[in-house]
Amino acid sequence: MSDTTLPPVASSADTTPSEKRKTSLYRTDALTRKRNAAEARFKAYGITAIVIGLFFLVVLASSIILEGIPAFTRTIVQVEFTITEDQFEAAEQELFKTRAYEGFFIASLEEQLRQKGIDAPFDSDAIERLVGKTGGTIREFFRENQDLLGQPVAFELAASSRVDGYMNGRITRESIVDSRFLMKSDLYIVDALVEAGVIRNAFNWNFITGADSGVDNPGGAGIGASVVGSFFMMLVVLFLSLPIGVAASIYLEEFAPQNRITDLIEVNISNLAAVPSIVFGILGLAVFIQFMHLPQSAPLVGGLVLTLMTLPTIIISTRAALKAVPPSIRDAALGVGASKMQAVFHHVLPLAMPGILTGTIIGLAQALGETAPLLLIGMVGFVARGYPEGLIEGFTDPNSAMPAQIYTWAARADFAFYEKAWGGIIVLLVFLLAMNILAIVLRRRFERRW
Amino acid sequence: MNEMPHIDKAAEMTDSKISAKQVQVFYGDIHAIKDVDIEINPRSVTSFIGPSGCGKSTFLRCLNRMNDTIDVCRVEGTILIDSEDIYDPKVDPVQLRAKVGMVFQKPNPFPKSIYDNIAYGPRIHGLAANKTAMDEIVTSSLQRAGLWEEVKDRLSEPGTGLSGGQQQRLCIARAIAVNPEVILMDEPCSALDPIATAKVEELIDELRENFTIVIVTHSMQQAARVSQRTAFFHLGILVEEGPTQDIFTNPTDKRTQDYITGRFG
Ligand SMILES: Nc1ncnc2c1ncn2[C@@H]1O[C@H](COP(=O)(O)OP(=O)(O)O)[C@@H](O)[C@H]1O
Ligand SMILES: [Mg+2]
C-alpha cells in the first residue's frame, strides 16, 4: 500500500537528484507552504471568532442601553398657579375637597394654554389619566405651606407611564387602544401640552432611589430598595464566605494531609461549584427559613444562601492562587526557621492575595446576579410594596434584590414594566462593572508590592 | 568563638557535630536512603557527591527535618546533632531549623526588599531588640556573605532583582542571620555561572570558621575545592566517606573510582 504511494512522491522530490540534497531556502517547500497555510487559516478562524463575539457584545450592550435608558427619565408636567386664601377656605368647605383643588389645577393649566394660543379640550378624567389624581397632592402641599397661599407656586407633577411611553415613542397614536389608563383623545392634550412647553423630560430619581410600586403604577417603580437589599446580601456574603473560604483553602492546601478524606472533600467542593443555584435556594428555604425560622424574604437569608453558593468559587480560586505560589518560597521560609503558619501567612498568602481577591470578587459578582435561589426564599419584588416611601433598611426587613426585582418586572403583564426591567439591568451591570474594576485595581495594587 | 583554631583535617576532632546512624528514608514505598551512617565534623565543610537521584538531597534534608514537609516521606534511624536526637518527639522542627539553616539549589529570595530578606529570620526568632540591633544584624550578615559592598546602597530594593549569584549569596546571608550552627547547602552553585560560583565557594571556605557546613554538589571539582571531607552516595547507599583528598586520589570502592573517573553519573 505504502509502496504504491511512495514512488510518485519521491520521484517528484528528486526530479534532479542534486537538487534534493541542496534545496534553496528561497523556495518554500510544499510542507512549509502547507504549514503556513494552516497557520493563516487558524488565525483567520480566531479573528472571525473574536469579531462574532464583539458583534454580539455590541448588539447586547446597545439593545440594553436603548431599551433601558427610558427607565431613567420621566415626563413631568409643570404648571404654575396661584391659590388665594379665599379659594383655599372655599375648597376646604367642599364635600369633595380634592376635586376642588383639581379644578384649580385644570383651570390654571387651561389658562396657561390659552395664553399661548393653544386650545385643547380636556376634562378632569383626562387629566387624571395623564398625571394621576393631582388634587390630593396640591391640597397636601397647601395645607402644609399655608404661607404660600396667594403666591404663584410651580408644581411639577410626574406624568403617567403611558405618557412616558408616548413621549419616547413606545406608544403611538396608531398602536394605542382606548383603556381606562389612556384614551386616544388624551394624546391631543399631550401634544398641546408639549406645544405649550409645560411637559418636559427629567431624570427619574425615583427609579434610582425608590421601591417597587404596584402592578398598576409602573411609573412609580424604583430599583433603589432592591439595590439596598443586594448590598446587605453582599455584605453577608463577603463577611462569611471570604474568611470561611480562605481559611478552608489554606487548611486544605497547606496543612491537610493527603488522604482519602481530603480527596473526597476536594472532589465535593469542585462538584458543589457546579450545583445549580436553585438547589441552594431550596436548601436555604428548608434550612434557614423552615428549620431555623429566620425571617422570610430577608437579605440575611439571601446572603446565607448566596454564601453557600459562593464558597466553592472562592475556595477553588483561593486554592489555585495558593498552588501558584512557588514552593521554593515555602522552603525559604521554613529554612530560616519559620513555622508552617508563619510561612503561609507571611509569605504565601500575600503572594496569593491578588488571586484570592479576584476570585472573591468574581464570586461576589456571580452572587449579585443570582436570581433563582432568591425566588425560592421569597425575595421577589412585591414584598417591597408595603413600603411605598423611601428605602428598606437592615438585614431582616423583607426586601428584594436587583436581579429578583428585574425578574419581577419582566414578568409583569404591563408593558411599561418591561422598560423598567431593562433599566434595572443597566443598574445591575453598572454594579458588576464597578466590581470588576475594583478587582483589577486591587490586583494591580497587590501585585506591585511583589 | 573567633579564636577557634583553623581546622584542616577532621582527624584532629574528637567528637562530631552531626552523627547519623542507620538512617533509612522512604518516599511511600521507595526506599531512597539505606543504612546511612555518617559523622560530620564541626566547623568544616563536608560534601555529598554522587550521581543524580542517589539520595544526596534526601539525606541532606533529613538533617534539618525539611523532609517533614513531604507527606509520603518517612525517616528511620537516629540523627544526633550535638548528641541530641533531632527526631526525638520532644524536638520541635521549627526550632531545629533555626539551628540548622539551609540554602537551596535555586536561589529563592523572598519577594521582598533585600533588607527584609535578611531581617525576616531574626525578626521571627526575636533576635533583635530594636531597629538598630536589626540594622546591625543585617549589615553583618551581608558583610559575612560578602554581599555588603554590592547592595549597601539599595537595601530597600527587591531581593529578586539581584543577579543569580548575588541572590544565592543573599540566601546565604539570610541563613547566617538567624545565627545557625550548621548550614546545609543543596547544590548552591548549580544555577550560577563560573564567576558567581567562585565567589560562593570562596564564601563557603570563609564560613567554615564559624559554621558546620554540609554541601551537596554534583561537581567533583567543587567538592575537591571546598570540602575537607567527602561522602559518596550511590543508589541511596553511602558508599564511601573520608577526607576529600583520599576519596579523590585513593578511593577504596570500585563505584567511587568509576564515578570520579567519569565512568558514570
Ligand atoms: N518528594 C519525593 N517524593 C517521592 N520520591 C522522591 C521525592 N524526592 C525524591 N524522591 C526520590 O528519591 C530519590 C533520591 O532523590 P534526591 O534525594 O533528590 O536525589 P539527588 O539529590 O541525589 O539527585 C530519587 O529516586 C527520587 O525519585
Ligand atoms: Mg538533589
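In what follows, chains are A, B, ... by sequence order, proteins preceding strands, each numbered from 1.
Counting heavy-atom neighbours within 6.0 Å of A:Phe231 CZ, excluding the residue itself, gives a total of 12 or less. Summarising the local packing, CD1 of A:Ile261 is surrounded by 12 or fewer heavy atoms from other residues, nucleotides or ligands at distances under 6.0 Å.
Remark: B:Arg43 does not engage B:Glu209 in a salt bridge, criterion side-chain N to carboxylate O under 4.0 Å. Salt-bridge annotation for B:Glu206 and B:Arg144: absent, with no side-chain N of the basic residue lying under 4.0 Å from a carboxylate O of the acidic one. A salt bridge links B:Glu76 with B:Arg74; the closest basic N to acidic carboxylate O contact falls under 4.0 Å.
Residue pairs meeting the salt bridge (Lys or Arg N to Asp or Glu O under 4.0 Å) criterion with at least one member in residues 56-67 of chain B, sequence neighbours excluded: B:Arg65-B:Asp68.
Between A:His346 and B:Phe110, the gap from one ring centroid to the other reaches at least 6.0 Å.
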Which is it for A:Phe345 and A:Glu254 under the side chain to side chain contact (heavy atoms under 4.5 Å, CB included) test, yes or no, and what are the steps along the way? CA-CA 11 Å; A:Phe345 281 88; A:Glu254 306 284 342; over 6 Å; no
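B:Asp205 places none of its side-chain heavy atoms less than 4.5 Å from the side chain of B:Glu201.
When each of A:Ser339, A:Ala332, A:Ser328 is checked for heavy-atom pairs under 4.5 Å with chain B, A:Ala332 comes out on top.
Heavy-atom proximity under 4.5 angstrom to chain A picks out nothing from residues 78-93 of chain B. Taking 4.5 Å as the heavy-atom cut-off, the residues of residues 122-135 of chain B that approach chain A are B:Ile124, B:His125, ordered by number.
The ring-ring contact (aromatic ring centres under 6.0 Å, His included) search around B:Phe59 returns B:Phe48, B:Phe233, not counting sequence neighbours.
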